[in-house]
Number of protein chains: 2
Amino acid sequence: MTHSLGGRAAQKLHTRQSLLDAVLRLTADHSLGSLSLREVSRQAGIVPAGFYRHFPDLESLGVALVEQSLGGLRTALRAVRAGLTSSEEIARRSVDALLREVRAHREQFRFIARERYGGLGRVRRAIGDQLRLISEELAVDLLTGERAAAPVLSRWSDEDVKMLTDLIVNHMISTAAAIVDVPPGRSAAERRVVATATRQLQLVIIGARHWLDPA
Amino acid sequence: MTHSLGGRAAQKLHTRQSLLDAVLRLTADHSLGSLSLREVSRQAGIVPAGFYRHFPDLESLGVALVEQSLGGLRTALRAVRAGLTSSEEIARRSVDALLREVRAHREQFRFIARERYGGLGRVRRAIGDQLRLISEELAVDLLTGERAAAPVLSRWSDEDVKMLTDLIVNHMISTAAAIVDVPPGRSAAERRVVATATRQLQLVIIGARHWLDPA
DNA sequence: TCACTCAGTAAACACCTGTTCGCTGGAGGA
DNA sequence: TCCTCCAGCGAACAGGTGTTTACTGAGTGA
């Protein structure tokens with residue numbers, strides 16, 4: 001192969017990325033577990049044996065892809081929450097950010113939704129780990145924000161806060177999966193999905209506000 | 001093959017069922033899309049060519065499996081709601097029923113969770129259809145029950161009721177997936193998952209009770 | 001009893017799979 | 001300049017794949 005640009009290390013990274021992209025393209029139709037190493041290599045433009053210069057097997061490639069995808073979402077969510085204190089504001093802006101991310105990286109979210117429960121062992125675990133991180137970071141931001149501004153969550157037990165953020169994060173991922181499932185171009189259907197998801201989140205927030213009300 | 005019992009039609013049904021069971025056993029490790037027709041036939045105890053006497057391909061077998069699994073859940077949920085009118089009671093008893101079903105048919109729910117977003121096209125659509133049915137039936141029961149007893153939901157728009165039942169059904173399936181993900185034997189971990197899921201559902205119900213409160 | 005139906009068989013087909021091997025040729029440090 | 005490194009190559013391997021074909025023989029209605 002002729003490489004027009006960059007040093008050797010840069011070129012290796014470039015090929016590695018085209019392997020990741022190849023999997024994203026191919027998992028539009030099938031799950032990672034049903035792809036073949038040869039198929040992926042072919043799509044990435046290298047010979048099967050070359051695959052092993054980058055990953056020992058497809059499962060490892062999947063784990064790398066999880067970290068790239070959910071790492072990006074995690075960063076975006078943290079950025080959008082920076083400086084905000086109201087939990088309503090945090091929730092609303094997080095949905096916006098999610099929507100933006102899903103639209104910008106549709107294939108990555110399809111991959112995550114696909115492999116969340118359906119994938120190979122290590123891939124599934126990698127996704128679970130990333131989602132737990134997202135949930136915990138959200139919990140921290142909600143608590144510090146609320147403690148400073150309004151004391152809604154300040155009396156909650158840690159366990160209940162985790163319960164809430166898990167609910168929210170799970171809802172986010174389900175929403176992302178639902179959006180990705182909408183055939184592209186059907187923007188009316190997509191808007192309906194987003195509208196429903198937003199109202200569901202509002203309902204959850206209302207529930208949280210009255211969580212400690214006397215029964 | 002020697003068949004000790006039953007007529008020819010009954011024997012055919014029996015073999016068909018062992019094909020379904022074979023897939024349930026094999027999808028503990030892989031997704032349906034990465035199974036081979038030969039693997040499934042071998043596990044079911046027939047020769048590959050015999051497979052075509054029952055299904056044209058693995059995807060059709062998957063659809064049949066979805067109908068068997070979620071059809072059973074749907075029936076169980078409807079039965080448990082019969083005669084109940086309080087929405088809290090309906091919710092609590094539905095969670096009990098779900099838990100009972102998941103424990104009794106662990107493999108089926110693992111299959112559903114796996115294929116919900118990750119599966120082949122027709123299988124994914126079949127799951128979506130069944131879940132929509134479950135959600136709509138729940139909506140009907142909530143409305144008629146509440147209208148008769150307490151008028152909490154009576155002022156809701158149809159759209160909002162659907163929004164709520166979708167949220168609940170999605171939460172049920174996520175819960176089932178989480179339970180199935182717990183390694184068997186770790187009953188403490190399982191109880192924690194169930195406890196969290198129950199509290200999340202309570203929070204949703206509280207949110208619903210205050211949905212129409214003035215802001 | 002006899003003819004027929006059809007679930008399951010056995011063999012063959014062309015093709016795709018993961019992995020190992022030794023090789024090549026350009027990049028990069030001395 | 002020369003030497004080393006190593007990303008990507010091409011070929012070979014044993015074995016698994018979906019599907020078709022012609023068959024067998026037990027269950028069944030007339």
Side-chain angles (χ1 to χ4, degrees), chain A residues 1-23 25-65 115 119-123, chain B residues 1-23 25-65 115 119-123:
Chain A
M1 227 190 231
T2 313
H3 310 306
S4 48
L5 237 115
R8 209 162 48 162
Q11 181 52 43
K12 178 165 187 184
L13 260 165
H14 181 259
T15 302
R16 183 190 144 106
Q17 188 60 47
S18 53
L19 280 169
L20 295 175
D21 291 345
V23 166
R25 245 170 282 136
L26 293 170
T27 47
D29 301 315
H30 314 76
S31 62
L32 177 67
S34 57
L35 292 183
S36 76
L37 185 147
R38 293 178 102 105
E39 211 176 345
V40 173
S41 310
R42 207 180 305 131
Q43 177 75 224
I46 64 172
V47 101
F51 181 95
Y52 298 103
R53 301 278 180 208
H54 301 272
F55 302 100
D57 48 36
L58 276 175
E59 192 171 10
S60 305
L61 194 165
V63 172
L65 203 40
E115 307 296 321
L120 307 167
R122 283 167 49 211
V123 175
Chain B
M1 225 189 232
T2 313
H3 309 306
S4 49
L5 236 114
R8 207 163 49 161
Q11 180 53 43
K12 178 165 186 184
L13 260 165
H14 181 258
T15 303
R16 183 190 144 105
Q17 188 60 48
S18 55
L19 279 168
L20 295 175
D21 291 345
V23 166
R25 245 170 282 135
L26 293 170
T27 47
D29 302 315
H30 314 77
S31 62
L32 177 66
S34 58
L35 292 182
S36 75
L37 185 148
R38 293 179 103 104
E39 210 176 346
V40 173
S41 310
R42 207 180 305 132
Q43 177 75 224
I46 65 172
V47 101
F51 181 94
Y52 297 103
R53 301 278 180 211
H54 301 271
F55 302 100
D57 48 36
L58 276 175
E59 191 170 12
S60 305
L61 194 166
V63 171
L65 203 41
E115 307 296 321
L120 307 167
R122 284 167 49 213
V123 175

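Worth saying up front: this structure is predicted, and the values here are computed from it rather than measured.
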Among C:dA10, D:dA7, D:dC9, the one nearest any side-chain atom of A:Lys12 is D:dA7
How far apart are the C-alpha atoms of A:Asp57 and A:Arg122, what are their side-chain angles, what is the distance that settles it, and do they pass the side chain to side chain contact (heavy atoms under 4.5 Å, CB included) test?
CA-CA 12 Å; A:Asp57 48 36; A:Arg122 283 167 49 211; 4.2 Å; yes
Separation of D:dG18 atom P from B:Leu58 atom CG, nearest Å, is 7 Å
Between CD of B:Gln11 and P of D:dG25 the distance, given in whole Å, is 18 Å
Ranking A:Ser36 and A:Arg53 by the position along DNA chain C of their nearest nucleotide, the one closer to 5' is A:Ser36
- Query: Quick one: are B:Ile46 and B:Leu19 in side-chain contact, heavy atoms under 4.5 Å?
  - Reply: yes
To the nearest angstrom, the CG-P distance between A:Asp57 and C:dT20 comes to 11 Å
note: B:Phe51, atom CZ; D:dG18, atom P; distance rounded to Å ~ 9 Å
- request: With the side chain counted from C-beta on, respond yes when B:Arg42 and B:Arg38 share a heavy-atom pair under 4.5 Å apart, and no when they do not.
  value: yes
Closest of D:dG8, C:dA12, C:dA10 to the A:His54 side chain is D:dG8
Rounded to whole Å, the CG-P distance (B:Leu37 to D:dT19) equals 6 Å
Per atom distances to the B:Ala49 side chain, the nearest of C:dA10, D:dA12, C:dG8 is C:dA10
Rounded to whole Å, the CZ-P distance (A:Phe55 to D:dG8) equals 12 Å
Picking from C:dT19, D:dC9, D:dT20, the nucleotide nearest the side-chain atoms of A:Arg38 would be C:dT19
Rounding to 0.5 Å, atoms CG (B:Leu35) and OG (A:Ser34) come to a distance of 10.0 Å
In whole angstroms, the gap separating C1' of C:dC6 from CD1 of B:Ile46 amounts to 14 Å
Side-chain H-bond candidate by donor/acceptor type, B:Ser18 with B:Asp21, under 3.5 Å = no
Donor-acceptor contact below 3.5 Å, side chain B:Glu115 vs main chain B:Val123: no
The reported gap from CZ in A:Phe55 to CZ in A:Arg16 (rounded to nearest 0.5 angstrom) is 4.0 Å
When A:Pro48 and A:Ala9 are each assigned the nearest nucleotide of DNA chain C, the 5'-most assignment goes to A:Pro48
Walking DNA chain D from its 5' end, the first of B:Glu39 and A:Arg8 to be reached, judged by nearest nucleotide, is A:Arg8
Hey, does A:Arg42 reach any base, or is it just sugar-phosphate, or nothing, if we go heavy atoms under 4.0 Å?
sugar-phosphate
Here the distance between atom P of C:dA27 and atom NE2 of A:His14, to the nearest Å, is 16 Å
Terminal axes of the helix from C:dA14-D:dT17 to C:dA27-D:dT4 (5 end pairs apiece), angle rounded to 10 degrees, sit apart by 20°
